[in-house]
Participant: 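Take this structure first; my questions come after.
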Number of protein chains: 2
Amino acid sequence: MTESAHAASRQEQKERTRQAILAAALELTQTVGFAQISLRQVARHAGIVPTAFYRHFESMDELGLALVEQSFSTLRHMIREAQRDPKVFDNIIDAAADVLVEAVKHSKAHFAFVARERVGGSEAVRRAIRHELDLFVSELAIVLARLPNIETWSFDDVQMVSRLFVRNMVSNAEEVVEMPDGRPDLEEQIKEGARRQMRLIVVGFRDWRS
Amino acid sequence: MTESAHAASRQEQKERTRQAILAAALELTQTVGFAQISLRQVARHAGIVPTAFYRHFESMDELGLALVEQSFSTLRHMIREAQRDPKVFDNIIDAAADVLVEAVKHSKAHFAFVARERVGGSEAVRRAIRHELDLFVSELAIVLARLPNIETWSFDDVQMVSRLFVRNMVSNAEEVVEMPDGRPDLEEQIKEGARRQMRLIVVGFRDWRS
DNA sequence: ACTTTGAGTGCACGCACGTTCACTCAAAGT
DNA sequence: ACTTTGAGTGAACGTGCGTGCACTCAAAGT
């Protein structure tokens with residue numbers, strides 16, 4: 001056994017290269033769509049020779065799917081963390097707006113990738129993102145269903161509100177992504193807009209159904 | 001003077017080729033993003049030799065902007081027609097849902113192009129679409145401001161509702177575009193969803209502000 | 001001490017691309 | 001009848017691409 005000291009340097013190095021490829025692709029994707037970056041560009045950016053790429057991914061499409069997975073696992077992790085915060089129960093709307101803007105700012109590249117490839121990507125990538133978003137809607141619906149104001153609603157209604165929330169989240173994330181850096185005023189404006197929209201949904205839904 | 005009979009066949013032919021190029025690009029764009037189709041593909045599809053392309057457009061980017069313009073002029077034309085219909089005043093929400101679905105179905109390709117290139121396109125194309133959508137928000141706000149329920153609202157409020165409507169329109173258009181052909185049940189479902197969302201916005205806004 | 005493994009290399013290939021240039025040949029202008 | 005114009009042609013170029021193949025050379029396994 002040689003698993004010894006500080007983990008096997010063999011797999012370690014492979015994983016490091018894999019991450020370098022993912023990071024390179026993510027960075028290149030910030031200026032143009034994923035579909036129009038080449039395997040050679042990615043390899044060059046990652047500091048490897050083009051053929052070495054194949055040791056990690058069978059094709060660019062597979063790399064794209066890996067990026068989708070990485071993006072959503074980042075996002076999901078943030079949501080899980082935010083749920084532990086007790087303020088969420090007090091005021092889910094303000095909390096959601098805060099989390100959204102912070103999350104997008106923190107991993108802008110991943111959000112930008114998802115926002116862009118959600119509609120512009122290859123068939124496979126698009127489907128993967130759509131699927132992840134559907135999962136996300138269901139996950140959010142569970143959280144929502146436990147909230148004081150909402151716990152009496154029907155399953156379908158909660159699901160629909162959840163869908164509206166996610167849709168708005170996507171739209172707002174797009175806006176934050178397109179936001180030029182160093183404009184905290186714009187950021188606050190987007191946050192306030194998101195808050196108002198969510199309040200609109202909740203208020204309107206309650207009154208309409210009552 | 002030779003402007004005679006049925007218009008000069010010289011410019012006529014040029015215009016026909018131009019339209020063939022636009023149509024070719026639009027069709028090719030249905031399966032992949034505009035940025036990843038090549039000048040040569042477009043030329044091939046349009047039935048001309050690659051170099052002839054330059055007689056009509058200086059670059060693919062210019063062609064992209066022309067497609068944006070064409071798409072929105074189609075859209076705007078439909079909205080103008082719909083405004084003449086008196087039922088719009090009676091029930092703008094149901095009318096809007098109908099118009100939206102019909103419009104998207106009628107010129108699916110243009111909507112698909114806009115939906116995709118809005119976020120996935122080149123910088124120039126993206127900016128052009130964003131600008132057109134902003135214009136559209138203002139235009140819709142004028143229509144909305146004349147409606148019975150809304151005429152007392154402030155300018156900013158109307159503008160915000162208009163923005164929400166357009167955002168929802170874009171989302172729903174995306175859904176219709178992704179909708180497989182020959183599924184009238186899905187279509188009705190989307191339409192109903194759009195209706196509910198719009199009602200939500202109007203109801204929620206009124207109650208929240210009152 | 002030895003073999004095996006596999007991440008990364010370097011070269012070579014055929015292909016599609018954007019763009020150039022000199023050209024044809026009808027319609028439009030005179 | 002003539003010239004001019006300009007949309008469309010066809011060959012040629014340099015470039016970057018994806019991918020195949022034979023390779024190196026340490027780490028991992030024995």
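The shown structure was predicted, so the numbers you read here are calculated from the model rather than taken from an experiment. Numbers restart at 1 for each chain; the letters A, B, ... are given by sequence-line order, proteins then strands.
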Participant: Considering just the side-chain nitrogens and oxygens of Gln11(A), establish if one lies under 4.0 Å of OP1 or OP2 belonging to dA7(C).
Facilitator: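 For dA7(C), neither OP1 nor OP2 has a side-chain N or O of Gln11(A) closer than 4.0 Å.
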Participant: Counting the atoms with a prime plus P, OP1 and OP2 as sugar-phosphate, which does Arg16(B) contact under 4.0 Å by heavy atoms, base, sugar-phosphate, or nothing?
Facilitator: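 Contact class for Arg16(B): none.
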Participant: Can you check the His56(A) NE2 to dT9(C) P distance for me, whole Å?
Facilitator: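 The answer, rounded to whole Å, is 10 Å.
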Participant: What is the distance, rounded to the nearest whole Å, between atom CZ of Arg18(A) and atom C1' of dG8(C)?
Facilitator: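 Answer to the nearest Å: 17 Å.
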Participant: Quick one: which of dG18(D), dA7(C), dT19(C) gets closest to the side chain of Tyr54(A)?
Facilitator: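 Nucleotide nearest to Tyr54(A)'s side chain: dG18(D).
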Participant: Just name whichever nucleotide pairs with dT30(C), Watson-Crick or G-U, keeping both distances under 3.5 Å, else none.
Facilitator: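 When the pairing criteria are applied, dA1(D) turns out to be the nucleotide that pairs with dT30(C).
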Participant: Run the side-chain hydrogen bond (donor to acceptor under 3.5 Å, both in side chains) test on Arg16(B) and Gln13(B) for me, step by step, so that the C-alpha distance in whole Å, both residues' side-chain angles and the decisive distance to 0.1 Å come before the verdict.
Facilitator: CA-CA 5 Å; Arg16(B) 220 173 290 136; Gln13(B) 178 53 37; 2.8 Å; yes
Participant: Charged N to carboxylate O under 4.0 angstrom, Glu187(B) versus Arg183(B)?
Facilitator: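 No salt bridge links Glu187(B) with Arg183(B).
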Participant: Would you say Thr17(B) reaches dG8(D)'s phosphate, i.e. side-chain N/O to OP1/OP2 under 4.0 Å?
Facilitator: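 True: Thr17(B) side-chain N/O within range (under 4.0 Å) of dG8(D) OP1/OP2.
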Participant: Does a salt bridge link Arg163(A) with Asp134(A), judged by any charged N lying under 4.0 Å from a carboxylate O?
Facilitator: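 No salt bridge links Arg163(A) with Asp134(A).
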Participant: Below 4.0 angstrom, N of the basic side chain to O of the carboxylate: do Glu174(A) and Arg118(B) qualify?
Facilitator: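 The answer is yes: the pair qualifies as a salt bridge.
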Participant: How about Met78(B) and His106(B): do any of their side-chain heavy atoms sit closer than 4.5 Å?
Facilitator: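 Contact flag for Met78(B)/His106(B) side chains = yes.
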Participant: Name the closest nucleotide to the Ser38(B) side chain, picking from dG10(D), dG8(D), dC17(C).
Facilitator: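 Closest nucleotide among those given: dC17(C).
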Participant: I'd like to know whether Val137(B) forms a side-chain contact (heavy atoms from CB on, under 4.5 Å) with Phe165(B), so could you lay out the CA-CA distance, the side-chain angles of the two residues, the decisive distance to 0.1 Å, and finally the verdict.
Facilitator: CA-CA 8 Å; Val137(B) 167; Phe165(B) 271 17; over 6 Å; no
Participant: So if I take every side-chain heavy atom of Ala52(A) and compare against dT9(D), dT9(C), dT19(C), which nucleotide ends up nearest?
Facilitator: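 For Ala52(A), the side-chain atoms sit closest to dT9(C).
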Participant: Do Arg40(A) and dG16(D) have a side chain to base donor-acceptor pair shorter than 3.5 Å?
Facilitator: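 Absent.
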Participant: Quick one: is Gln41(B) getting a side-chain N or O under 4.0 Å of the dC17(C) phosphate, OP1 or OP2?
Facilitator: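 Affirmative; the distance criterion is met.
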Participant: Nearest-Å distance, NE2 (His45(B)) to P (dA16(C))?
Facilitator: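 Nearest whole value for this atom pair: 17 Å.
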Participant: Rounded to whole Å, how long is the line connecting atom CD of Gln13(B) with atom P of dA28(C)?
Facilitator: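 Distance, rounded to whole Å: 11 Å.
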Participant: State the pairing partner of dG8(D); accept Watson-Crick or G-U wobble contacts with both distances under 3.5 Å, and report none otherwise.
Facilitator: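 Partner of dG8(D): dC23(C).
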Participant: Using OP1 and OP2 only, check whether a side-chain N or O of Arg10(B) sits under 4.0 Å from dT4(D).
Facilitator: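 Indeed not, no polar side-chain atom of Arg10(B) lies that close.
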Participant: Could you state the atom-to-atom distance from CD of Gln36(A) to P of dG16(D) in whole Å?
Facilitator: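 From Gln36(A) CD to dG16(D) P: 17 Å.
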Participant: Within this structure, what is the CZ-to-P distance between Phe53(B) and dT20(C), rounded to whole angstrom?
Facilitator: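 In whole Å, dT20(C) P and Phe53(B) CZ are 13 Å from each other.
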Participant: Can you measure Met60(A) atom CE to dT19(D) atom P for me and round it to whole angstrom units?
Facilitator: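 For the pair Met60(A) CE and dT19(D) P, the rounded distance is 10 Å.
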Participant: Is a donor-acceptor contact shorter than 3.5 angstrom present between the side chain of Arg55(B) and the base of dG8(D)?
Facilitator: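 Flag set: donor-acceptor pair detected.
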Participant: Check the distance between dG18(D)'s P and Asp61(A)'s CG and give it to me in whole angstrom.
Facilitator: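 So the CG-P distance, Asp61(A) to dG18(D), works out to 13 Å.
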Participant: For dG8(D), does the base pair up with any side-chain atom of Thr51(B) as donor and acceptor (N or O, under 3.5 Å, distance only)?
Facilitator: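 No pair found.
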Participant: Out of dT9(C), dC17(C), dG18(D), which has the shortest distance to the side chain of Leu39(A)?
Facilitator: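 From the listed options, dG18(D) comes nearest.
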